[in-house]
Every structure is written in C-alpha cells, then in structure tokens.
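All figures in this text were calculated on a predicted structure; none of them were measured in a lab. Ligands are counted one by one from 1 in listed order, and the atoms in each one are counted from 1 as well. Residue numbers count from 1 along this sequence.
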Amino acid sequence: MKILIIGSGAREYSIGLAITKEAESHELYFNPGNGATSNLGTNLNIKDYNELALYVKENGFDLTIVGPEAPLVDGVVDIFRSHALAIFGPTKAAAQLEGSKVYMKNFLAKYDIPTAKFIETDSIEKAFKFTDTLQTPIVVKADGLCAGKGVIIAQSHDEAKVAISEMLSGKSFGDAGRRVVVEEFLDGYELSMFAVCDGDDFILLPAAQDHKRLMDNDQGPNTGGMGAYAPTPLVDDVIYEKVKERIIRPTLDGMKKEGAPFEGVLFIGLMIVKGEPLTLEFNVRFGDPECEILMPLMTSSVSDMFLKAATNRLGEIKVEFSKQFAVGVVMASANYPYGSSTPAEIILDEVHHEEIAQYTHVSFAGVSEKDGKLYADGGRVLVCVGVGDSIKQARDRAYMRCGQVHFAGKRLRTDIAYQAL
Ligand code: AMP
Ligand code: GLY
C-alpha cells in the first residue's frame, strides 16, 4: 500500500515503523515527519490540507493516517473525504470530543456515560455557586485546547474561584477559557484506553499507563508524557467489559445520533474509582508515548486495521495482540518542558547485544538530520521501547537501550512502570 502519515512525532514514527516491519512493499510518506522518518519513507512538507489532498489523489495513495489532534480539529479528514480519499481519523465535528470539554461533558451527560459530576458555564455566578457545593479538591477546566495546561486541581474553594475568574475573563487561556467546566475531584487510579473505531464497530487495544510528570516519583511539572507501559495489570476483564459496555458502545451510538459518527482513535482517559471506570476525558487520536508501546504489541496487520477502520469495515477483521508487554522510556532535551534547547548531536551506539537488537527499538520524535548526523532539536526527542514476557523484562530492556543513546542534556525518568512492579 501507499500510505501517508500526517504528523512529526514518535507516535507517527512508531506507526510507520510497525507498517514497515509488516511488509517491505509498503510505500510510506510523512507530512512533515522528522529527521528520522526519512529513513522509513519520504518526508513531504505541504502545509495546506487541500493541496495535500490533491497530492495524495494525484499520486494514487491508498490510505492517510492522521497522528495529532490539531489537523483533526482543523478538519483535515473532511477535506480528504470531499476528495473521496481513505483517511483514518475523525471529522471536525467528531473531533469536538477532544476540541471542546464543554461539548464532551454535555455529550457524556446526554448519553448517561459515567463521568465526574460537573457544571459547564460562562457565568461566574453559576460557576461559584456550584463550586460551593463541592468538597475540595475541585477541578476547573478551560473549554478549549490549551496544550494540556487547561486543567487546574484547586486545593481550596478560593483557589478554584481564582482559576474560574482568570479563565472566564480570558486572562489565563484567552478564548479557550471563556467557558469552563467545574467538576468534582475523582479519587482513584488513572489509565488510558484506546479504541480504534470505524463509526459503528471498534477494537479495544490493551490498556496503557502514561507518566505525565517530568521527574521520578511523579514529581515536577506536567509534560506530554515521559514514558508508558502496556498492558497494565491494573485492569482486569471486568473493567475492560465495563469500559466497552458503558463508555465506548454508548459513545459510538451517541455520536451517530449526533450526526457525527466517530471514526479514528477514541482515547479514553479513565479514572477507576472503587472498581468503576469513569470518563475523565476523550482525545480523538493516539496518546504519545502510548502509541509507541501499543504498536509493537500488535501481531496482526497494523496498516490493514487502519484501512478497514477508515473504510467502515472493521467488522471484517480480527485484530490480534501478542501476550507480551511493552515499556517506553522518553528521552527529552535539557529544557523540556519549559523551553527549547540547543540542538545536540545524538550518538546511537551500534547494537551488538542480541537481546537488545531483538527486543528493543527507538522511536524518534524531536530530531533533525544534517550531513548524515541526527540532532536532538525538540522537547521530547525519542522513545526507547523494550518488549518482554513480563513488565520487568520489558522495562529492563528499554533501559538497556537507553544506555546506548547519548546526547548532551538528555533527561529521562528512571522509574517508568513503577506502579506495575
Ligand atoms: P484532562 O485533560 O481532563 O484529562 O485533565 C488532565 C489531568 O487532570 C487528568 O489526567 C487527571 O490527572 C486530572 N483530572 C482531570 N479531571 C479530574 C477529576 N475530575 N478528578 C481528578 N483528577 C482529574
Ligand atoms: N500521553 C498523553 C497524550 O498523548 O495526551
């Protein structure tokens, strides 16, 4: 197949790597890709989605896969569909499940899908009144996309009210904060599940756990994610069934009724409270770095799954996963997540150890290439992935691979998957 992957991170790299491994005959393109995706295929640099769709049409591509949320929220899927092209991802209307927290919470309430008790409003009086009915901590969320920063966990009623005022006045997040969600704090453990959907049917992938904080022991600022592992032993079949029956099925049925059938990856941020899964948030794309550890666990064809999902034929296939575990450790640059760092050359040791060669790999993100050398030039630079028969084995292998990757200022957590060990 001739396949385009939109995006430039390790998530997109890992999808490309999985597709490359399944058959050499696949022809891969990335838009824009990064300094390492050019080893898997051809990097394009077409910024206008109409122009990109025409390029894809004229050059006879079979499938386009969209990685990040921004092009989805901007309607890239709608544009490609208007050219009768097969593209994996939700339409602009369906992407509102991630693009607007107000839309998502109202949707959950309308279809009786379990979530935290909440109010959504642009009225400061209503928000304050509801805040007074809640126990602390109190969760305040800006409606729109805020690069992962729009959620405040307030430890007092006063702190919650300050957050509400600053959001509604536009001070903290501009227009993205002019409506807010105020909700009860859920006390449980958090995990992510991913359902590949075709509008009607879905395939639920093994549950993963991310590590959002920068430093060991969940200290330091929030990041896009510093490492992940899957499947997590924190989930049993009972929880999987509850998530399917109470959250995913009604979401797909509900989105159809809303006239926005959901196609693409439904990323469900869950809080498990006393054995009951509640929806914290939806994203409409794969998690990063979760994707990097889920791709190596798939034993059936990755490209076929995306193609069938993009053409409403998921029911025709059986997607299979290995019985192994995968752990991914993110290596970030010196100033992540605060700012950019001076590009540093990346030295990758030659891998001689057979175990490392067979059971680990690197997925590249913020890297550029110059004169045959790779440079770390983004926040999250790469992810070392290890696969094994236990989480411990996968983790040990991932860290062995980390020891073979060098660049000035590299930072990584040393405790990925600690909850499971
Ligand atoms: P969100 O973007 O809505 O997933 O929120 C970001 C993070 O804030 C989540 O990953 C949780 O750790 C936390 N969070 C959000 N909502 C709640 C809630 N109602 N109770 C507890 N923690 C929450
Ligand atoms: N790793 C979490 C995310 O991609 O949003």
_Under a 4.0 Å threshold between the charged nitrogen and the carboxylate oxygen, would Glu241 count as salt-bridged to Arg246?_
no
*Give the single entry among Arg285, Glu281, Lys212 that approaches atom 3 (C) of ligand 2 most closely by any heavy atom.*
Arg285
*With the side chain counted from C-beta on, respond yes when Val383 and Phe364 share a heavy-atom pair under 4.5 Å apart, and no when they do not.*
no
*Is it true that Asp122 and Arg179 have a side-chain N and a carboxylate O under 4.0 angstrom from each other?*
yes
*To the nearest 0.5 Å, tell me how far Leu270 CG sits from Glu276 CD.*
12.0 Å
_Using a 4.0 Å cut-off to any heavy atom of Lys212, which atoms of ligand 1 qualify?_
10 (O)
*Geometric class of the Tyr103/Phe107 ring pair [parallel <30°, tilted 30-60°, perpendicular >60°]*: parallel
*Any nitrogen or oxygen of Glu290, main chain or side chain, under 3.5 Å from a nitrogen or oxygen of ligand 2?*
yes
_Polar contacts were defined as any N/O atom of the residue lying under 3.5 Å from an N/O atom of the ligand; does this apply to Asn283 and ligand 2?_
no
_Within ligand 1, which atoms have a heavy atom of Glu183 less than 4.0 Å away?_
16 (N), 17 (C), 18 (C), 19 (N)
*Number the atoms of ligand 2 from 1 as they appear, then name those within less than 4.0 Å of a heavy atom of Gly287, with their elements.*
4 (O)
_Within this structure, what is the NZ-OG distance for the pair Lys2 and Ser303, rounded to the nearest 0.5 Å?_
15.5 Å
*Atoms of ligand 1 less than 4.0 Å from Met271 heavy atoms?*
21 (C), 22 (N)
_As an exercise, identify every atom of ligand 2 less than 4.0 angstrom from a heavy atom of Asp210._
1 (N), 2 (C)
